[in-house]
Q: 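Have a look at this one.
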Amino acid sequence: MDIKLLSPDQVIFWRWGPVSINATLVFTWAIMLLLVAGSWLATRNLSGDLRLSRWQNLLEIVVDGIRQQIRDISQRQPDKFLPFIGTLFIFIVVSNLLAVVPGYIAPTASLSTTAGLAIGVFLAVPWYGIRDQGFKQYLRNYLQPTIFMLPFNIIGELSRTLALAVRLFGNIMSGAKIAAIFLALAPLIFPIFMQALGLLTGLIQAYIFAILAMVYIAAALRVHEGKQLNRKQKGENSYG
Amino acid sequence: MLIDWFTVVAQMVNFIILMALLKHFLYDRIIKAMDEREEKIHSRLLKAEALQQEAAQESEFYRLKNQEIDRKRNEVLAKVEAEADRRREELTLNARKEIEILRDRWRESLHKEQESFLQQLRRTAAGQVFAISRRALADLADSKIEKKVIDSFLSRLESMDSSERQEAAISIVKEGGLVVVRSAGKLSSVDRGKITTALHRLLGGEIKVEYETMPEMILGIELVSRGQKIAWNLEEYLGRLEDQVRESLEAEKEIHGRESRNRQPTRNLPHE
């Protein structure tokens, strides 16, 4: 069994030169449509009253849960990070959980998707870092604690991005593969347990991905904060 | 190849588009609704707090008012009780006084009745005593006693001094010279002669003597002329004695009445 055969990238519906519309993209669009349509339907009649609909209640719990996590990790106002981290979590969760639908292949089982998301995190870290503390200050972080650490810092940045991509891809892909293998070996009942396990894994991986992304961004912010704090304390001491 | 770079780029673009759409359709709207609710809850809490404070103030106000009303009610009650006590004592005192007055009046009338009864009793008793005395003396009166009476009558005539005797004689002569001798029993002729002789001797020989019998005299003898009377009889003694007894009874009654009148205003009222 070739691993390529089970990647949704390989299921191509339409191709024109380098442009190919494969299952990954189609399922991603389907998920996007589902999410946007669902959000639009749920938030159509939002009310600020004390009584609220079930859908609104569910969405509020989800959104508020994500905000609370962001707040816990970053110790900052979460609304700035909410669209990025929240979308990462919701997209990965939905794409993983839909695996119970027959014929569906999770876009996250494609390394292209996870790589794309990991590159997104790789870009978001400097984006938030520079927006927060300025270009120079952010770049200076790579020279900490000494200039000799620069290559290691860069390697660390790249490797964690790679790890992020491969971790998600590996878990989801392996889940799908194991389910397929067990289906071939014992087609009755047993795959149900594997599916249930796959759902749990999918949920956990989505959580891990989003949390790690937030941790990386928060780390970039906190270095700056810690330095500012140190500088302030030193100034106070010298004046005192 | 495991990574299709077109797909990677396409997924990144897809992700950015999804992020923008969700931000618009989900996050912003949900957060706005939550903020609105939070704001509403906060304002309601503030309002509730204000209402609670107001209620507390109101309750404090009414508590104080209640206390004030209680205090005033107690004051009024105490005043009314004191007034009622005072009034009751006053009424009791008045009632006692009235009772005393009524009792005194009753005592007085009782006393008067007693007095008058006693008076009546005394009078009756005295009358009975005299009646019995008269009866007894009448029964006892015999010739011996009559003789003694005649003797004492004559000795009384004898004992008159000369001027008195002369005056009597003149007045008898002026009136016609007739004298009547009255006695309880009929006088014997010897006694009559004796008396006539004595009268002639003492008052002059020209006077005329007549004899009459008066049994109601009981015992005694009297000489009666117009405007003149010389007598010795028991009836007169007894009448004089009866007069004296009546006078002394009247005097006693007068003293009793005065004493009871003096006693009444100084009477003390008994205490509760």
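Worth saying up front: this structure is predicted, and the values here are computed from it rather than measured. Every heavy atom of this structure was used, including side-chain atoms; hydrogens, water molecules and symmetry mates were not. Naming convention: chains lettered A, B, ... in sequence-line order (proteins, then strands); numbering from 1 in each chain.
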Q: Considering only heavy atoms, which portion of A:Ile31 lies under 4.5 Å from any heavy atom of chain B: side chain, backbone, both, or neither?
A: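 The answer is neither part of A:Ile31.
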
Q: Is A:Ser20 in contact with chain B via its backbone, its side chain, both, or neither, using a 4.5 Å heavy-atom distance?
A: both

Q: Could you go through the side-chain contact (heavy atoms from CB on, under 4.5 Å) check for A:Thr113 and B:Phe15 one step at a time?
A: CA-CA 10 Å; A:Thr113 306; B:Phe15 182 77; over 6 Å; no

Q: Would you say that more than 12 heavy atoms from the other residues, nucleotides or ligands in this model lie under 6.0 Å from the CZ of A:Arg54, or not?
A: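 Atom CZ in A:Arg54 is not packed in, count stays at 12 or less.
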
Q: Within a 6.0 Å radius of atom CD on B:Glu98, are there more than 12 heavy atoms belonging to other residues, nucleotides or ligands?
A: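 Not more than 12 within 6.0 Å, no.
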
Q: Determine yes or no for a side-chain-to-main-chain donor-acceptor pair under 3.5 angstrom, with A:Thr43 supplying the side chain and B:Phe25 the backbone.
A: yes

Q: Would you mind reporting whether A:Pro83 and B:Leu22 have side-chain heavy atoms less than 4.5 Å apart?
A: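 No, side chains not in contact.
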
Q: Could you state the interatomic distance from CZ (B:Phe6) to CG (A:Leu25), rounded to the nearest 0.5 Å?
A: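 Spacing of CZ (B:Phe6) from CG (A:Leu25) equals 6.0 Å.
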
Q: Minimum heavy-atom separation for A:Ser112 to B:Asp4, with atom names?
A: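 Taking every non-hydrogen atom into account, OG-N, 3.0 Å.
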
Q: Would you find a donor on one side and an acceptor on the other, under 3.5 Å apart, between the side chain of B:Tyr27 and the backbone of A:Asp79?
A: no

Q: Does the side chain to side chain donor-acceptor pair (under 3.5 Å) test come out yes or no for A:Thr28 and B:Gln11, once each step is laid out?
A: CA-CA 8 Å; A:Thr28 302; B:Gln11 287 294 63; 2.8 Å; yes

Q: Would the number of heavy atoms belonging to other residues, nucleotides or ligands and lying under 6.0 Å from CZ of B:Phe117 be above 12?
A: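 At most 12 heavy atoms, drawn from other residues, nucleotides or ligands, come within 6.0 Å of this atom.
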
Q: Using side-chain heavy atoms (C-beta onward) and a distance below 4.5 Å, is B:Leu26 in contact with A:Ile90?
A: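 Yes, side chains in contact.
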
Q: Report yes if some heavy atom in the side chain of A:Leu123 is under 4.5 Å from a heavy atom in the side chain of B:Met12; otherwise report no.
A: yes

Q: Side chains of A:Thr87 and B:Leu21: closer than 4.5 Å at any heavy-atom pair?
A: no

Q: Can you establish whether the number of heavy atoms outside B:Trp106 located under 6.0 Å from its atom CH2 is more than 12?
A: no

Q: Checking A:Val19 against chain B: side chain, backbone, both or neither under 4.5 Å from a heavy atom?
A: both

Q: Looking only at heavy atoms, which two atoms of A:Met32 and B:Ile17 are closest? And how far apart?
A: CE-CG2, 3.9 Å

Q: Out of B:Val8, B:Ile16, B:Asp35, B:Asp28, which one racks up the most heavy-atom pairs below 4.5 Å with chain A?
A: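 Highest number of heavy-atom pairs under 4.5 Å: B:Val8.
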
Q: Counting only heavy atoms closer than 4.5 Å, note whether B:Leu18 contacts chain A via side chain, backbone, both or neither.
A: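 Contact with chain A involves both backbone and side-chain atoms of B:Leu18.
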
Q: Report the C-alpha distance between A:Arg67 and B:Met34 in whole Å, list the side-chain angles of each, state the deciding distance to 0.1 Å, and finish with yes or no for side-chain contact (heavy atoms from CB on, under 4.5 Å).
A: CA-CA 12 Å; A:Arg67 287 171 93 199; B:Met34 283 164 72; 3.9 Å; yes

Q: Any side-chain heavy atom of A:Phe84 within less than 4.5 Å of one from B:Lys23?
A: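 Not touching, per the 4.5 Å side-chain cut-off.
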
Q: Would you please go through residues 37-65 of chain B and name the residues with a non-hydrogen atom below 4.5 Å from one of chain A, in numerical order?
A: B:Arg37, B:Lys40, B:Ile41, B:Arg44

